[in-house]
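Read through the structure below, which is laid out as structure tokens, and then see the notes.
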Amino acid sequence: MAFGLSIVAMAFVIGNVSGCHINPAVSLGLFLDGRLSAKDLIGYWIAQFVGGIVAAAALMAIIGMCNLGGVVATGLGCNGYDAASTVGLTAIGAVIVEIILTCVFVLSVLGSTADERTAPYAGLIIGLTLAFVHIMGIPLTGTSVNPARSFGPALMMATSGDATALSQVWVFIVTPLVGAACAAGIWAAFKQKTSAAKPAAATNAVADDEASAQA
């Protein structure tokens with residue numbers, strides 16, 4: 001739940017400042033939907049990965065100040081598959097899981113922010129969706145759906161002598177981006193179908209009006 005509630009908070013705090021772009025997959029989805037320029041996408045990606053590294057470094061420092069045996073003992077919430085997965089999920093399974101979960105999450109972002117009727121509640125919708133995604137995915141891969149969130153901890157763990165997460169992090173960088181692209185494609189299909197339905201509805205309304213007038 002912590003991931004979801006954090007997104008709710010950040011959406012309302014910095015949503016009006018930067019659009020709350022803290023996930024490279026979400027930014028890609030918005031770029032593919034035509035709501036973000038290539039220049040802004042690259043800028044956001046750089047900031048997001050830097051933020052992920054800084055956050056992981058801060059967490060590692062805090063753990064180091066505790067009597068917990070260091071990050072080698074506690075970990076940093078890294079994502080993984082095979083032995084690094086709680087249920088021993090294979091690499092192929094991790095690819096499938098992350099694509100599906102990211103697609104669902106990014107689709108919730110695209111849908112809730114596209115309509116002015118749902119936009120005021122978008123932060124809540126997105127946060128609850130992220131909480132659901134984590135509940136489903138944590139036992140499987142640790143749930144990434146955010147390449148920057150995966151890369152930062154993996155890099156910091158590697159500096160501590162455990163490079164397992166870093167060797168697997170490519171899955172959690174590539175697959176969320178693929179999932180975001182899938183979400184953008186699905187959303188484009190939804191929009192196309194909706195646009196095609198509107199003229200038909202308007203035509204039917206005109207025909208009904210004419211029939212009523214003749215009657």
Side-chain angles (χ1 to χ4, degrees), residues 3-4 7 10-11 15 18-53 78-81 85 89-115 118-119 122-123 125-138 140-155 165-196:
F3 284 100
I7 285 294
M10 294 304 292
S18 66
C20 193
H21 282 266
I22 54 179
N23 184 332
V26 171
S27 297
L28 177 63
L30 292 170
F31 167 73
L32 294 175
D33 193 43
R35 303 192 219 173
L36 197 66
S37 69
K39 179 182 177 181
D40 286 342
L41 175 66
I42 294 172
Y44 279 129
W45 275 1
I46 293 172
Q48 289 155 355
F49 276 95
V50 170
I53 294 170
C78 294
N79 303 114
Y81 52 84
S85 165
L89 186 69
T90 65
I92 295 176
V95 167
I96 295 171
V97 165
E98 288 294 332
I99 289 176
I100 293 174
L101 294 183
T102 307
C103 180
V104 170
F105 176 58
V106 174
L107 195 57
S108 76
V109 176
L110 295 174
S112 63
T113 58
D115 193 321
T118 58
I125 296 168
I126 294 166
L128 290 175
T129 304
L130 187 62
F132 159 74
V133 162
H134 275 81
I135 290 171
M136 294 294 294
I138 284 176
L140 302 172
T141 63
T143 308
S144 173
V145 305
N146 183 334
R149 165 262 182 275
S150 297
F151 182 73
L155 182 63
L166 190 62
S167 69
Q168 298 182 352
V169 77
W170 68 270
V171 169
F172 305 103
I173 292 176
V174 174
T175 55
L177 298 180
V178 173
C182 292
I186 293 171
W187 180 244
F190 284 168
K191 290 195 299 181
Q192 185 175 12
K193 190 171 182 63
T194 302
S195 298

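Hydrogens, waters and symmetry mates are skipped; everything else that's a heavy atom, side chains included, is used.
For the salt bridge (Lys or Arg N to Asp or Glu O under 4.0 Å) condition, the pairs that include at least one residue of residues 95-115, sequence neighbours left out, are Asp115-Arg117. Among residues at least two apart or in separate chains, salt bridge (Lys or Arg N to Asp or Glu O under 4.0 Å) pairs with a member in residues 26-37 are Asp33-Arg35, Asp33-Lys191. The side chain to side chain donor-acceptor pair (under 3.5 Å) contacts involving residues 168-188 comprise nothing, where partners must be two or more places apart or lie in separate chains.
Heavy atoms only, all atoms of each residue included: Leu107 and Phe190 are closest at CD2-CE1, 4.5 Å. The shortest non-hydrogen separation linking Ile22 to Ile7 is CD1-CD1, 3.4 Å. Contact between Thr143 and Arg149 at its shortest, heavy atoms only, is O-NE, 3.3 Å. Here the closest heavy-atom approach between residue Leu89 and residue Val97 is recorded as CD2-CG2, 4.0 Å. Taking every heavy atom of both residues into account, Thr118 and Gly111 meet most closely at OG1-O, 3.9 Å. Across Leu140 and Ser85, no two heavy atoms sit closer than the pair O-OG, 2.5 Å.
Every residue meeting the side-chain contact (heavy atoms from CB on, under 4.5 Å) condition with Ile173, not counting sequence neighbours, appears here in chain and number order: Pro147, Phe151, Val169. In this view, Phe172 satisfies the ring pair (Phe, Tyr, Trp, His ring centres under 6.0 Å) rule with no residue, not counting sequence neighbours. Legend: residues meeting side-chain contact (heavy atoms from CB on, under 4.5 Å) with Ala148, ordered by chain and number and at least two apart, are Pro24, Gln48, Phe49, Asn146. Here Tyr44 pairs with His21 under the ring pair (Phe, Tyr, Trp, His ring centres under 6.0 Å) rule; sequence neighbours left out. Legend: residues meeting side-chain hydrogen bond (donor to acceptor under 3.5 Å, both in side chains) with Thr102, ordered by chain and number and at least two apart, are absent. Taking Ser167 as the reference, nothing meets the side-chain contact (heavy atoms from CB on, under 4.5 Å) condition, with sequence neighbours excluded. Shown here are the side-chain contact (heavy atoms from CB on, under 4.5 Å) partners of Ala122, two or more places apart in sequence or in another chain: Ser112, Thr113, Ile126. Residues passing the ring pair (Phe, Tyr, Trp, His ring centres under 6.0 Å) test with Phe31: none are found, sequence neighbours excluded.
Considering only heavy atoms from C-beta on, Val104 stays 4.5 Å or farther from Val145 through its side chain. Contact check for Val26 versus Phe105: side-chain heavy atoms found under the 4.5 Å cut-off.
Applying side-chain contact (heavy atoms from CB on, under 4.5 Å) to Val95 and the options Ile100, Val174, Val171 leaves one that passes, Val171.
Going from atom CH2 of Trp45 over to atom CG of Asp40 covers 13.0 Å, rounded to the nearest 0.5 Å. Rounding to the nearest 0.5 Å places CD1 of Ile125 at 14.0 Å from CG of Leu130. The distance from atom OH of Tyr81 to atom OG1 of Thr141, rounded to the nearest 0.5 Å, is 12.0 Å. Leu32 CG to Ser27 OG: the interatomic distance, rounded to the nearest 0.5 Å, is 11.0 Å.
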